[in-house]
2 protein chains.
Amino acid sequence: MDKPLDGIFAALADPTRRTILIMLLEDDMAVTDVAEPFEMSLAAISKHLGILMRAGLISQEKRGRVKWCKIDPDALRDASIWMQSFGQFEAVNLEAFEKFLDQELEGDTTEPF
Amino acid sequence: MDKPLDGIFAALADPTRRTILIMLLEDDMAVTDVAEPFEMSLAAISKHLGILMRAGLISQEKRGRVKWCKIDPDALRDASIWMQSFGQFEAVNLEAFEKFLDQELEGDTTEPF
DNA sequence: CAAACCGTCAACCATTTGGTTGAATATGCA
DNA sequence: TGCATATTCAACCAAATGGTTGACGGTTTG
């Protein structure tokens, strides 16, 4: 019943989690550093990261007392294939993506950049 | 706060709604016919269709007493662009999609086909 | 050792979600 | 007109979600 795509899409449905993914796209980060720009508790971010983990969208590795988070694009690939099926829409368009990224980030109360 | 992608991804996070989209990919359908294969009330399906509507994933048009549902790929295009950004993964692959579609449908208790 | 730091856990809370049922509305048909 | 069909609405419910706080267990550092 609980299929992989359920978790992937549910994880992507939250703007905080999408912003975290965008941040991790730039570079791997420690949990505390991920949390820093957001106006919510560390525990809340820790939960978000757990959801992204279980969805397979990120992986985490503990080195010393620091837990490093890195993006894992394989799960997104699955979801993307599913979506592409509906795709009369054109192929990847980086310019269009940047526009979307801007929309995503502007007006975000948890604005990280 | 409530961005378009929130609604789109949230709508896709439910397997019933994804199955409905797959059904509508084949052809436009009336609400009652959409509901027929599922083991849940018509009212529940009506709610699901409302969620897909508000997400922009389908459109509905009433002709007589029948309300026809048709898929609307534009919203998916938006979500797809967002996801593609993470895409070191290869371009659209119809074969891979069909495999996913099979996985999606098999073992679904609300199996429509 | 002791203090500071990193991150999670547990308990709690308000809101949302996904379902139910029964009544209501709107249309088509005999 | 009167009945059947198509769909939604309203009220309700249990479970999941997204957040909080405070305590806790590792790890590093002074």
Side-chain angles (χ1 to χ4, degrees), chain A residues 1-21 23-24 28-55 57-70 108-112, chain B residues 1-21 23-24 28-55 57-70 108-112:
Chain A
M1 176 77 70
D2 199 65
K3 305 174 198 168
L5 286 182
D6 291 15
I8 296 172
F9 283 127
L12 294 176
D14 185 279
T16 300
R17 290 194 289 265
R18 286 199 309 275
T19 302
I20 291 175
L21 287 178
M23 291 164 64
L24 292 178
D28 300 357
M29 294 178 83
V31 173
T32 305
D33 295 331
V34 170
E36 195 272 329
F38 294 96
E39 287 169 338
M40 75 182 70
S41 69
L42 181 61
I45 296 295
S46 179
K47 279 192 191 177
H48 281 303
L49 289 170
I51 291 169
L52 289 169
M53 258 290 277
R54 281 190 294 284
L57 290 164
I58 66 168
S59 57
Q60 293 178 300
E61 184 198 353
K62 191 167 181 181
R63 283 203 300 275
R65 62 180 167 180
V66 175
K67 201 172 201 175
W68 294 92
C69 308
K70 74 177 294 180
D108 193 338
T109 56
T110 55
E111 176 64 75
Chain B
M1 178 76 69
D2 200 64
K3 305 172 199 169
L5 286 182
D6 292 15
I8 297 171
F9 283 127
L12 295 176
D14 185 280
T16 300
R17 290 192 290 264
R18 287 200 307 276
T19 301
I20 291 175
L21 287 178
M23 291 163 64
L24 292 179
D28 300 357
M29 295 178 82
V31 173
T32 306
D33 294 332
V34 170
E36 194 272 328
F38 294 96
E39 287 168 337
M40 74 182 71
S41 69
L42 181 61
I45 295 295
S46 179
K47 279 193 191 178
H48 280 303
L49 289 170
I51 291 169
L52 289 170
M53 258 291 275
R54 280 189 296 283
L57 290 164
I58 67 169
S59 57
Q60 292 179 300
E61 184 199 353
K62 191 167 181 182
R63 282 204 299 276
R65 60 180 167 179
V66 174
K67 201 172 199 174
W68 294 92
C69 309
K70 73 177 294 183
D108 193 338
T109 56
T110 55
E111 178 65 73

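Given the structure is predicted, the values throughout are model-derived calculations rather than measurements. Every chain is numbered from 1 and lettered A, B, ... according to where its sequence line falls, protein lines coming before strand lines.
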[atom1] of [X] versus [atom2] of [N]: gap in Å, rounded?
{"X": "Met40(A)", "N": "dT17(D)", "atom1": "CE", "atom2": "C1'", "value": "13 Å"}
{"X": "Leu49(B)", "N": "dT8(D)", "atom1": "CG", "atom2": "P", "value": "7 Å"}
{"X": "Ile45(B)", "N": "dA6(D)", "atom1": "CD1", "atom2": "C1'", "value": "15 Å"}
{"X": "Lys67(A)", "N": "dC5(C)", "atom1": "NZ", "atom2": "P", "value": "20 Å"}
{"X": "His48(A)", "N": "dT20(D)", "atom1": "NE2", "atom2": "P", "value": "9 Å"}
{"X": "Asp6(B)", "N": "dT16(C)", "atom1": "CG", "atom2": "C1'", "value": "13 Å"}
{"X": "Arg17(B)", "N": "dT17(C)", "atom1": "CZ", "atom2": "P", "value": "9 Å"}
{"X": "Met29(A)", "N": "dG7(C)", "atom1": "CE", "atom2": "P", "value": "11 Å"}

**Study point:** Protein-to-nucleotide contact annotation, 5' to 3' order, nucleotides 21-30 of chain D [B base; S sugar-phosphate only; - none; under 4.0 Å, heavy atom]
**Key:** B-----BS--
How long is the span from the [atom1] atom in [X] to the [atom2] atom in [Y], to the nearest 0.5 Å?
{"X": "Leu21(A)", "Y": "Thr16(A)", "atom1": "CG", "atom2": "OG1", "result": "11.0 Å"}
{"X": "Phe9(A)", "Y": "Asp14(B)", "atom1": "CZ", "atom2": "CG", "result": "12.0 Å"}
{"X": "Leu5(B)", "Y": "Leu12(A)", "atom1": "CG", "atom2": "CG", "result": "9.0 Å"}
{"X": "Met29(B)", "Y": "Ile20(B)", "atom1": "CE", "atom2": "CD1", "result": "9.5 Å"}

**Study point:** Phosphate OP1/OP2 of dT17(C) contacted by Lys47(B) side-chain N/O (<4.0 Å)
**Key:** no
Check your understanding: Quick one: is dG7(C) close enough that its OP1 or OP2 comes under 4.0 Å of any side-chain N or O from Ser46(A)?
Key -> no
Review point. Where do Arg63(A) and Trp68(A) land on the side-chain contact (heavy atoms from CB on, under 4.5 Å) test, with the steps shown first?
Key: CA-CA 7 Å; Arg63(A) 283 203 300 275; Trp68(A) 294 92; 3.7 Å; yes
Review point. Can you check side-chain contact (heavy atoms from CB on, under 4.5 Å) on Ile58(B) and Gln60(B), steps first, answer last?
Key: CA-CA 7 Å; Ile58(B) 67 169; Gln60(B) 292 179 300; 4.2 Å; yes
List the atom pairs, with distances to 0.1 Å, where a side-chain N or O of residues 40-52 of chain B and a protein N or O form a donor-acceptor pair under 3.5 Å, not counting sequence neighbours.
residue  : atom : partner  : partner atom : Å
Ser41(B) : OG   : Ala44(B) : N            : 3.1
His48(B) : ND1  : Arg17(B) : NH1          : 3.1

Check your understanding: Which nucleotide, dG19(C), dG18(D), dA6(D), lies nearest any side-chain atom of Thr32(B)?
Key -> dA6(D)
Point to revise | Val31(A) side chain, from C-beta outward: closest of dG18(D), dG18(C), dG7(C) | key: dG7(C)
Check your understanding: End-to-end bend of the helix from dG7(C)-dC24(D) to dA30(C)-dT1(D) (five-pair axes, 10° rounding)?
Key -> 30°
**Study point:** Heavy-atom side-chain contact between Thr19(B) and Phe38(B) under 4.5 Å
**Key:** yes
Review point. Tell me, do Glu61(A) and Cys69(A) make a side-chain contact under 4.5 Å, heavy atoms counted?
Key: no
